[in-house]
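A short write-up of the structure that comes next.
Bear in mind that the values here come from a model prediction, so they are computed numbers and not experimental data.
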Amino acid sequence: MSNPSAVEKTISYIFLILVGVLLASPFLYMVSIALASDATTVKSAFTFVPKEFQWSNFYTIFTHNNLGTYLKNSVIITVFTIIGSVLSASVVSYGFARIKAKGSRFLFIVLLSTMMIPGEVTMVPQFIIFRHLDWINTFYPLIVPSFFAGAFNVFLIRQFVMSIPKSLDEAAMIDGMGHPGIYWKIIMPLTYPILAAIAIFSFSYNWGNFMGPLIYINDPEKMPLALGVQLLTTVGGGQMPPWNLVMVASLFLTIPMVLVYLFGQRYVYEANISGGSSGIK
């Protein structure tokens, strides 16, 4: 195959730039609204290119709209769910990949089959369980389930571990190391890329999670950012929501996710490759 000519490269770059601008246009419009004044917001006279730079909106939303509390709650929930997802999934994956017990293959298939159960089916039973545990209006329903290894995460990490030579385990066993030591000192460092990808997936889901907090959180002081943004749009008396402040809060909801994917995309790429590198054995 011949190398592309200069004209073909130019056309490709122009096309990619146009597509990039098209995909980024909602974000740019959101920035324009976030910098709009209250007068412009009342008139809904928003423009695609910012004509106003009302930086005081960022101060107002922290001092008058409780954004700091929403951010703190989101950070607490997200950090603990990432820790739970990575640790639990890695431990379970190591067991399925390295410990050959009777029926382990069948249990792994059963675990994978749970991925086909829609979340709507388990939503009500979970709510009943958490209500009996008196966990409603707490962070526990949003954090504790992450410490019980999700099937998708287990599958990804197991496939990655299966690609690691077992000779490393055997050499460690000769030196007297057991499964806990092998997992912590050998497998965990080697699976860092896939664990980073799992952490990114967990961050993406939990930072923008709306349905879970909507079901379990009632107190505004305990609401995460995704639910807090929705609360900002709730106004009475037929008044127009403060869309400029809503867009400011939406920026805090969006920018961290963009940055995480920007700096962690190579781990996601490696996860996609390793996910199919080894069959169910």
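Inspection of the Asn57 and Thr60 side chains reveals no N or O donor paired with an N or O acceptor under 3.5 Å.
With hydrogens and angles disregarded, no donor-acceptor distance shorter than 3.5 Å links the side chain of Lys222 to the backbone of Thr138. A donor-acceptor contact shorter than 3.5 Å is absent between the side chain of Gln54 and the backbone of Leu35. Trp207 places a side-chain N or O within donor-acceptor distance of the main-chain N or O of Leu253, the cut-off being under 3.5 Å. Formation of a donor-acceptor pair under 3.5 Å by the Ser88 side chain with backbone atoms of Ala149 is found in this model. Side-chain atoms of Thr41 do not come within 3.5 Å of backbone N or O of Trp243 as any donor-acceptor pair. A donor-acceptor pair under 3.5 Å is absent between the side-chain atoms of Ser204 and the main chain of Ile200, judged by distance alone. A donor-acceptor pair is defined here as one N or O able to donate and one able to accept, closer than 3.5 Å; such a pair exists between the side chain of Ser85 and the backbone of Thr81. The closest donor-acceptor contact from the side chain of Asn244 to the backbone of Ala34 lies at 3.5 Å or more, if one exists at all. In terms of modelled atom types and a separation under 3.5 Å, the side chain of Thr191 and the main chain of Met188 share a donor-acceptor contact. Counting only distance, with no hydrogens or angles, the side chain of Asn66 and the backbone of Glu221 share no donor-acceptor pair below 3.5 Å.
Hydrophobic clustering (ILVMFWY, side-chain heavy atoms < 4.5 Å, transitive): Tyr205 and Val260 are in distinct clusters.
The local environment of CZ in Phe80 is sparse, with at most 12 non-hydrogen atoms from other residues, nucleotides or ligands closer than 6.0 Å.
The CZ atom of Arg98 lies 13.5 Å from the OH atom of Tyr183; values are rounded to the nearest 0.5 Å. Note that CG of Leu214 and CG of Asn209 are 10.0 Å apart. Values are rounded to the nearest 0.5 Å.
The shortest non-hydrogen separation linking Thr114 to Ala151 is OG1-CB, 3.6 Å. Scanning both residues, Met223 and Leu231, for their nearest heavy atoms gives SD-CD2, 3.9 Å.
The aromatic ring centroids of Phe62 and Tyr70 lie 6.0 Å or more from each other. Close placement of the Phe130 and Tyr216 rings is indicated, their centers lying within 6.0 Å of each other.
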Practice task
Let me see the working for Phe252 and Val229 under side-chain contact (heavy atoms from CB on, under 4.5 Å), right down to the final yes or no.
Solution key: CA-CA 10 Å; Phe252 284 96; Val229 171; over 6 Å; no
Problem - Trace of the side-chain hydrogen bond (donor to acceptor under 3.5 Å, both in side chains) decision for Ser93 with Ser90 - result: CA-CA 5 Å; Ser93 302; Ser90 61; over 6 Å; no
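Applying the side chain to side chain contact (heavy atoms under 4.5 Å, CB included) criterion to Met177, with sequence neighbours excluded, gives Ala172, Ile182, Lys185, Ile186. Remark: Ile128 pairs with Val124, Arg131, His132 by the side chain to side chain contact (heavy atoms under 4.5 Å, CB included) rule, at least two apart or across chains.
The list of ring pair (Phe, Tyr, Trp, His ring centres under 6.0 Å) pairs with a residue in residues 10-34, not counting sequence neighbours, is empty.
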